Amino acid sequence: MSITNSLQKATRESLAILYGKEFSDNDFQVNVTRPDFEGDYTVVLFSLLKKTGLTPDKLGNDLGKELLRSHSHLFSSFNIIKGFLNLEISESYWLELLYLNHNDICYGKQPLNGKKVMVEYSSPNTNKPLHLGHLRNNFLGWSVAEILKANGYEVLKSCIINDRGIHICKSMIAWQEYANGETPESSEKKGDHLVGDYYVKFNDEYKKQVKELVNSGVKEEVAEKDAPLMRSTQLMLQQWEAGKPEVLELWNKMNGWVYEGFDITYKKIGSDFDVKYFESNTYLLGKDIVEQELAKGTFFKKEDGSVWIDLSRDGLDEKLVLRKDGTSVYITQDIGLAKQKYEEYKIDQSIYVIGDEQNYHMKVLKLICQKIGLPYANDIHHLSYGMVELPTGKMKSREGTVVDADELVEEMIATAKHHTEASGKVKDFSEEELTDLFETIGMGAMKFYLLRVDPKKKMIFNPEESIEFHGFTGPFIQYTYARIKSIVRKETIPPAERLNTSLLKPEKDIIISLEQFPSVILQAAKELNPSAIANYVFGLAQLFNTFYTVLSVANAESAEKKILRLQLAVMTANVLKSGMQLLGIKMPERM
RNA sequence: GGUCCGGUAGCUCAGUUGGAUAGAGCAUCAGCCUUCUAAGCUGAGGGUCAUUGGUUCGAAUCCAAUCCGGAUCACCA
């Protein structure tokens with residue numbers, strides 16, 4: 001139990017003993033004591049004054065004395081300032097915490113809770129390579145999955161690959177027209193980039209064709225449909241749906257190139273999936289559900305034969321689920337896939353990591369799932385994240401301002417290499433160790449930069465800031481960890497023992513922070529928010545660095561102090577590593 | 001226009017069951033390497049928490065209105 005919870009419980013019990021009344025945790029607040037006051041944790045008394053009819057001083061004194069009497073192992077002293085009861089936690093409590101947990105690499109993690117959750121993330125299109133926006137998505141998805149695991153969930157990471165549709169046909173048509181058989185091998189390009197280039201090529205040529213037609217007097221709307229490239233694309237889409245062998249062959253070939261490219265990127269950024277869905281397999285799902293539910297009255301049919309659901313009583317509009325020609329729309333297959341996920345894996349919860357431009361869509365999806373009685377519908381969550389923008393504004397593929405994922409990764413690793421070599425600390429590393437280290441630091445910087453911000457907020461990606469390795473960054477925390485490891489490597493850690501020594505401020509500050517780690521993991525899961533972990537880990541690293549410059553481990557004042565500080569160092573390293581692991585960031589033993 | 005999200009230091013961001021004098025990082029300035037890794041530490045300056053009103057012992061936090069920015073409201077995906 002966290003110290004906040006213990007303190008709440010102790011306060012409730014003490015109040016009951018003193019005044020014979022039941023209180024709940026909502027009747028009063030427990031906070032960390034502000035640094036300029038004496039004490040560690042504070043009970044705010046104001047809200048209790050009316051219920052007890054006492055003055056702050058009287059209540060504070062009664063409660064403080066009772067807490068000390070009944071929980072002498074927990075508290076050592078108290079003081080009252082205005083309506084704040086500041087309590088000092090006893091040193092033996094902190095020392096015990098340290099003794100029990102400093103070597104526990106699972107500290108803060110919950111045992112399995114028997115619940116299964118699917119986290120869907122990444123969801124790329126197979127017509128272009130991944131970009132900066134995908135990176136935020138991938139890092140969030142992966143991290144949330146880890147955070148949920150740490151909270152005892154069984155997690156399935158899934159991915160839906162948008163491998164069909166008009167946009168895919170566009171790159172296929174352009175390749176046919178302009179590529180002269182170019183392949184990833186012949187061009188020495190990554191497959192996803194090669195295909196992406198032809199998607200761009202399509203748009204360029206198509207625009208030219210439209211312009212020509214318009215210049216020759218055709219109306220723009222007509223020109224857009226009549227341009228030869230568009231006509232052949234539409235035809236190809238029909239042929240694909242009809243299963244024409246040559247089209248499928250080309251489609252398979254080009255998608256294969258893309259997957260080879262994606263695999264390289266995913267491996268580099270550390271994304272992986274337990275389940276992969278392909279839209280080419282799922283795009284017909286959901287129609288049967290609509291038919292069944294139509295009979296039950298959940299959906300209704302309009303005169304033209306199209307099928308709708310009326311969500312106006314839930315504050316939304318009517319939503320189309322089947323076109324008048326009986327074909328399905330985007331949401332139809334999502335309904336079908338949601339059901340399939342349940343039937344295949346019996347999941348209790350489903351999380352979709354999708355940009356906030358789809359908030360409305362996801363709201364509708366959840367509502368429909370509830371209305372058709374999908375068992376886990378109430379536990380469908382949209383982890384909605386804001387767009388990544390550049391200091392100059394939004395990324396626009398038209399203007400070539402899209403930040404390519406592969407290029408960015410390489411740039412981060414190169415920067416890590418540059419800084420590391422300049423520091424001159426790794427001269428004895430082997431080639432392999434160096435490559436590994438540069439990747440660890442470069443990826444660490446990038447992941448931390450993208451995860452340290454609250455997901456739901458749109459964020460600005462500043463290229464100069466993102467390669468910064470000082471301050472609130474991944475490498476700062478990695479560096480702190482490497483420093484600790486360097487200390488610990490030189491010492492033989494004595495067997496764990498219970499200590500009986502007093503704590504200096506920098507020592508105590510770290511323990512207080514370490515105690516909060518389990519609560520932070522809990523909070524991060526509740527909010528589906530990795531930035532809570534990032535902020536916490538940074539704060540802990542800061543505390544340790546302060547400690548490090550003020551106090552010595554190796555040359556501690558006494559043998560007992562040395563053991564204390566070693567325990568502190570080891571536990572801090574463990575927590576930093578666990579925390580960063582939840583963000584998908586590796587820690588170097590040396591840097 | 002309806003709905004949703006956001007507005008906190010020059011910049012990027014923390015800050016929720018409402019709590020004490022609003023915090024970090026970057027940038028700026030001043031210091032600290034003979035001592036466990038200076039990718040570090042210490043200090044200084046920097047704020048109308050968008051605005052106005054309300055709720056109360058107490059509001060960046062809750063409520064209302066207004067202003068600004070964004071997303072969305074497709075028989076696109």
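Throughout, a chain's letter reflects where its sequence line sits, starting with A, and its residues are numbered from 1. Every value quoted in this text rests on a predicted model; they were computed, and no experiment measured them.
Between rU8(B) and rA24(B), the distance separating the two C1' atoms is 13 Å to the nearest Å.
Ring centroids of Phe46(A) and Phe84(A) are separated by less than 6.0 Å, placing the two rings close together.
Taking the syn range as angles within 90° of 0, the glycosidic angle of rC63(B) is outside it, so the base is anti.
Under the stacking definition used here (centres under 5.5 Å, planes under 30°), the residue Phe84(A) fails to qualify as stacked on the base of rG19(B). Under the stacking definition used here (centres under 5.5 Å, planes under 30°), the residue Tyr479(A) fails to qualify as stacked on the base of rG40(B).
Leu365(A) places its CG atom 17 Å from the C1' atom of rC73(B), with the value rounded to the nearest Å. Taking atom CG on Leu49(A) and atom P on rC57(B), their separation rounds to 11 Å, with Å as the unit. One can place CD1 of Ile166(A) at 16 Å from C1' of rA74(B), the figure rounded to the nearest angstrom.
Residue contacts shown for Phe476(A) are limited to sugar-phosphate atoms, with no base heavy atom under 4.0 Å away.
Dashed line: the shortest gap from a side-chain N or O of Tyr330(A) to OP1 or OP2 of rA77(B) is not under 4.0 Å.
Judged by Watson-Crick or G-U wobble contacts below 3.5 Å, the nucleotide rA59(B) has no partner.
For the pair His167(A) and Phe538(A), nearest-nucleotide mapping onto RNA chain B gives the more 5' position to Phe538(A).
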